[in-house]
Amino acid sequence: MVTDIRKKPLEREDKQKLEDAVSAYLASAGDDASGSSASGFRMRGRSFLLTYNHLFTDKAFPDCAPPAASNEDLWALWRDWKKRKKKELRVEQSTSTLEESLDSEDAGRVHFLWKITINKAIDNATLVVFAFHGVVPDVRPTVALTGQTPTGTLKTPRGASLAEASNRAHFYGWAPKKGTLFRGTGRPPWKKYRVQGKWLDDLWTDEKLDNDNYEALALRVRVGFAERKRNVEAVRAAEKDAWIDDQVALVDSALDKIRAPFREFPAVRASLFSKPLVLTVEEAEHLDLHSFQCDQHDGFVLDGCNSWAQLLRWRAVLHARNTKSRGGQSATNVHAYPQNLYGVAVVATVDWDAPNSYLVDENSPWRSRWLCKNAIFVRLAEGEAFYDKTRVPTERVPNAFSLFAQTVKRRR
């Protein structure tokens, strides 16, 4: 019956009255899809941000329309409905987007955002007129921050502040946020309004914009771009560094299953370290110990030294005297850091064919007395290993960490 009544051709004002009456009727019957609101609710104004939540591709719509077959079909259905609704409501400005609900526990859940400014202010006690195939939206009025406190306080905007708040809401709907699937606007930024850098900063801080989109939008804003570029590059570097640390720990946990125990050598104590810092040296000119923490690491390993001369060059640090020194020194010392290595033992791995081997040859007149006196040498003959070859685990661990290994597996 309600469906038949709603199909009757009526003037806009009469139709609104009819919707209000239907809403009240459905509310009295306990119909949650009616769009009736809690007691005291009123929707006043011209500018609103509407959010539509529903399992659009899994459940039938409240008006009994079948679920959308795909997000593409859902967007097409939305555009068709919005085209009609804009004429009905006399919408002057419109921006909408279909986004993944990233915080939802429902896999594949999406939602719509629709920012509108209508021709004439409304004063409604119901949201039924905005229902998308029966899905009633959550609605927020356009508000602005007063800026009187660190976090600001909300106020009803007027004049220029209303235009700014409305434009910011349009930008929020248009911005390529994480999870954005489709978007459309009749009020494109930079053409219809000036975008403020703070809008980008807030979205980026809330992790709604990824680094690439934040940098691209900052370039278009222009003002303040140099500082924002420095910030995003610093964040990229730190995030990559953290990702590598996590990846190394993840791979290490898998490799532990197939590692053989280390051999014991008479020249050194068994289990020399429990929490060492391992540094891959290779051709390094400077010893980078900024990650070494004397209260966390009981030693460090210089892995893959390319020459004995490297150790000799770093002897002031490796001597482990009771003094505070500074690493990372340069002409400006911008990246210098303090260090204290008193009593810290060091293990270095060096190939026998490394250059400058005469420095550790007791019979060479050009030997380094410091190296020969302060180092304990454990020499492995060709074919030997530091681990116990008789106790190699037989368990097989698939390589799930290398993109190359995944590509080879997929092509097989």
Side-chain angles (χ1 to χ4, degrees), residues 241-242 244-245 247-249 251-253 255-256 259-330 333 335-389:
D241 192 57
I244 291 175
D245 287 342
Q247 190 74 359
V248 168
V251 173
D252 268 341
S253 65
L255 294 180
D256 279 341
R259 282 196 180 107
F262 288 106
R263 292 166 54 189
E264 296 184 7
F265 299 91
V268 294
R269 297 193 306 271
S271 302
L272 186 61
F273 302 134
S274 62
K275 294 181 65 177
L277 173 68
V278 180
L279 300 173
T280 302
V281 177
E282 298 181 343
E283 292 284 357
E285 290 287 334
H286 304 282
L287 185 57
D288 184 5
L289 294 177
H290 76 278
S291 298
F292 180 79
Q293 302 292 335
C294 58
D295 59 342
Q296 298 179 19
H297 303 112
D298 55 1
F300 58 87
V301 178
L302 305 179
D303 188 27
C305 293
N306 281 9
S307 74
W308 294 99
Q310 286 175 298
L311 302 179
L312 191 59
R313 187 164 59 246
W314 300 332
R315 65 180 175 178
V317 177
L318 301 181
H319 205 58
R321 292 176 294 180
N322 184 28
T323 183
K324 182 172 74 172
S325 58
R326 299 188 72 82
Q329 297 188 66
S330 64
N333 279 334
H335 302 290
Y337 54 88
Q339 57 191 13
N340 178 11
L341 304 178
Y342 175 70
V344 177
V346 181
V347 170
T349 63
V350 189
D351 291 337
W352 275 114
D353 60 355
N356 315 112
S357 59
Y358 60 84
L359 292 172
V360 293
D361 184 354
E362 290 283 358
N363 299 317
S364 172
W366 298 285
R367 69 185 181 278
S368 167
R369 296 181 184 276
W370 183 83
L371 280 174
C372 293
K373 178 182 177 181
N374 291 282
I376 298 174
F377 299 95
V378 178
R379 295 175 171 86
L380 295 181
E382 185 176 354
E384 285 191 84
F386 275 105
Y387 60 87
D388 189 345
K389 291 184 177 180

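Everything numeric in this text was worked out from a predicted model, so none of it was measured.
H286 and D288 are not linked by any side-chain donor-acceptor pair at a separation below 3.5 angstrom, with hydrogens and angles left out of the test.
The side-chain heavy atoms of H297 and V278, taken from C-beta on, include no pair separated by under 4.5 Å.
Note that the CG atom of D353 and the CG atom of D351 stand 5.0 Å from one another [nearest 0.5 Å]. Taking OG of S368 as the start and CG of N356 as the end, the distance is 10.5 Å to the nearest 0.5 Å. A distance of 8.0 Å separates CG of L289 from CG of L318, quoted to the nearest 0.5 Å. L359 CG to W370 CH2: the interatomic distance, rounded to the nearest 0.5 Å, is 11.5 Å.
Scanning all heavy atoms of the two residues, the minimum distance from S364 to R367 falls at O-NH1, 3.0 Å. Among all heavy-atom pairs drawn from C372 and F377, the shortest one is CA-CE1, 4.3 Å.
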Per-pair distances, 0.1 Å, donor-acceptor, side chain in residues 302-315, under 3.5 Å, sequence neighbours excluded:
residue	atom	partner	partner atom	Å
D303	OD1	T349	OG1	2.9
N306	ND2	E283	OE2	3.0
S307	OG	Q310	N	3.4
Q310	OE1	N306	N	2.8
Q310	OE1	S307	N	3.2
Q310	NE2	E282	O	2.7
Q310	NE2	A284	O	3.0
W314	NE1	E285	O	3.2

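Residues that satisfy the side chain to side chain donor-acceptor pair (under 3.5 Å) test with N374, not counting sequence neighbours, are absent from this structure.
Using a 4.0 Å cut-off between charged nitrogen and carboxylate oxygen, K275 and D295 do not count as a salt-bridge pair.
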